[in-house]
There are 2 protein chains.
Amino acid sequence: MPRTDYSDFACSVARSLEVMGQWWTPLILRDLYLGVDTFDDLVADLGISRSLLTRRLGDLVADGLVRREVYGERDDRYRYLLEPSGRDLIPVLAALAAWGDRWQTPAGGAPLLFEHEGHECVPTVGCSTCSQPVTVETLVPVPGPGARAARGTAVVAARPLRTQSTEG
Amino acid sequence: MPRTDYSDFACSVARSLEVMGQWWTPLILRDLYLGVDTFDDLVADLGISRSLLTRRLGDLVADGLVRREVYGERDDRYRYLLEPSGRDLIPVLAALAAWGDRWQTPAGGAPLLFEHEGHECVPTVGCSTCSQPVTVETLVPVPGPGARAARGTAVVAARPLRTQSTEG
DNA sequence: CGCCTGGGTTCTGTAACTGAACTCATGTAG
DNA sequence: CTACATGAGTTCAGTTACAGAACCCAGGCG
């Protein structure tokens, strides 16, 4: 049986993972952002197997996160570029990297840091309305227009929302 | 051969994925946050196989993102609770859900929305210093103290950082 | 001619995941 | 006192997904 398809889940995390949650995919997107954008450079940087990279890049192009473009004079040399949806995912990956730096700190410290308009920047998840950082304690989930009893909300739909921050 | 171990990568995204990037793991953390915290409830909500859930929960406990706690009167009924590192990951998953709502919009709209201190909230990645949202264009990667030529930075380490926003 | 580069495809194993059945202890309804 | 339900798993068979190496092809270079 194939790995479970997330696309019918009533959960946006699941549908995001369906297109970027495969093994290697976030690292490929990270490398494209950093300018490692040709097939052989990706193989060399990541150590991913060529067969798998072929499929991952094909899926990313099919899902619209990435496009393939000819470069140079020959018409069989390609570069992979982030499309708007792929570019919009980079800050989320940066926030994930910041989480890794906090909780899975490597020997020697963070391998990569960020700057934003000249100053130091730790990518932090905040609120679109008030710009303050959000935490588990201050983030309250509410059912949206697409809420339904489906995989990913089978149990949640059957009872009022109580998060681990608000319950006993 | 086992799936590639990310833990030696010189990349914080990779080390984050090593503990939360397995298939199902982010959805398990999401459910724990939403209060779906017992073994059978997780099986019912997600449809994950029981054998795999056993391993995933064990890994999460071993990695310190989750702890297992007895509840009720019997001593063989357990509830899984988020530890600080697990709780700190929830905003990142919320930002990922927001990305999914933007780019992989489901029929009927978002299944789950968020509020923050009484107002509507779209979890957005911002800068820790100036609180402004960060985008690919304004986010500049710089080598950190732990930068080295290793898997995940083999190609990057050999040349100056040029991102897809600044090149061509 | 032989080798290098870039971008793949093909092949062979092994590990990961699915799904169903089973265990075991306790509690409860008939 | 038998039957069934609940909670938390374990065991097992079957199918994918992934790793790693080898190979292919076109063009350029020495």
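Chain identifiers are assigned alphabetically (A, B, ...) following the order of the sequence lines, protein sequences preceding nucleic acid strands; residue numbering begins at 1 within each chain. Every value quoted in this text rests on a predicted model; they were computed, and no experiment measured them.
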Testing dG9(D), dG7(D), dG8(C) for proximity to the side chain of Tyr78(B), the answer is dG9(D)

Under 4.0 Å between a Lys/Arg side-chain N and an Asp/Glu carboxylate O for Arg151(A) and Asp5(A)? no

If you pin Thr38(A) and Thr4(A) to their nearest nucleotides in DNA chain C, which one's is more 5'? Thr38(A)

Answer yes or no: does a side-chain N or O of Trp24(A) lie under 4.0 Å from OP1 or OP2 of dA19(D)? yes

I want to check one thing: is the phosphate of dG8(C), taken as OP1 and OP2, less than 4.0 Å away from some side-chain N or O of Arg55(A)? no

Closest to the side chain of Phe39(A), out of dC18(D), dG8(C), dC17(C), is dG8(C)

Kindly say if Tyr80(A) contacts the phosphate of dG6(C), meaning a side-chain N or O under 4.0 Å from OP1 or OP2. no

Starting at atom CG of Asp40(B), determine the distance to atom P of dT10(D), rounded to an integer number of angstrom. 13 Å

Quick one: does NZ or CZ of Arg79(A) land under 6.0 Å from the six-membered ring centre of Tyr71(A), within 45 degrees of the ring axis? yes

Between CG of Leu57(A) and C1' of dC18(D) the distance, given in whole Å, is 16 Å

Atom-to-atom span, CZ of Arg56(B) to C1' of dG9(D) - whole angstrom: 16 Å

Smallest separation among heavy atoms of Phe114(B) and Val142(A), with atom names: N-CG2, 4.2 Å

Give me the distances for all protein-to-nucleotides 25-30 of chain D N/O pairs that come in under 3.5 Å?
none

Between dA20(C) atom C1' and Ile48(B) atom CD1, what is the distance in whole Å? 16 Å

Which part of the nucleic acid does Ser51(A) contact within heavy-atom distance under 4.0 Å: base, sugar-phosphate only, or nothing? base

Closest to the Tyr71(A) side chain, choosing from dA19(D), dG6(C), dT18(C): dG6(C)

Salt bridge check: are Arg50(B) and Asp40(B) linked by an N-O gap of less than 4.0 Å? yes

For the pair made of CH2 in Trp23(A) and C1' in dA15(C), what is the distance, rounded to whole Å? 13 Å

For Pro2(B) and Pro2(A), find the nucleotide of DNA chain D closest to each by heavy atoms; which residue's nucleotide sits nearer the 5' end? Pro2(A)

Distance test, side-chain N/O of Ser49(B) to OP1/OP2 of dA20(C), below 4.0 Å: no

Is a side-chain donor or acceptor of Gln104(B) paired with a backbone partner of Ser16(A) at a separation under 3.5 angstrom? no

Over how many whole Å does the gap from Leu52(B) atom CG to dC12(D) atom P extend? 18 Å

From CG of Leu46(A) across to P of dC18(D) the rounded distance in Å is 14 Å

Below 4.0 angstrom, N of the basic side chain to O of the carboxylate: do Asp8(B) and Arg15(B) qualify? no

Interatomic distance where CD belongs to Gln22(B) and P belongs to dT18(C) [whole Å]: 12 Å

Angle class for the Tyr6(A)/Trp24(B) ring planes (parallel below 30°, perpendicular above 60°, tilted otherwise)? perpendicular

NZ or CZ of Arg68(B) within 45° of Tyr78(B) ring axis and under 6.0 Å: yes

Contact class for Arg50(A) (heavy atom, under 4.0 Å): base, sugar-phosphate, or nothing? base

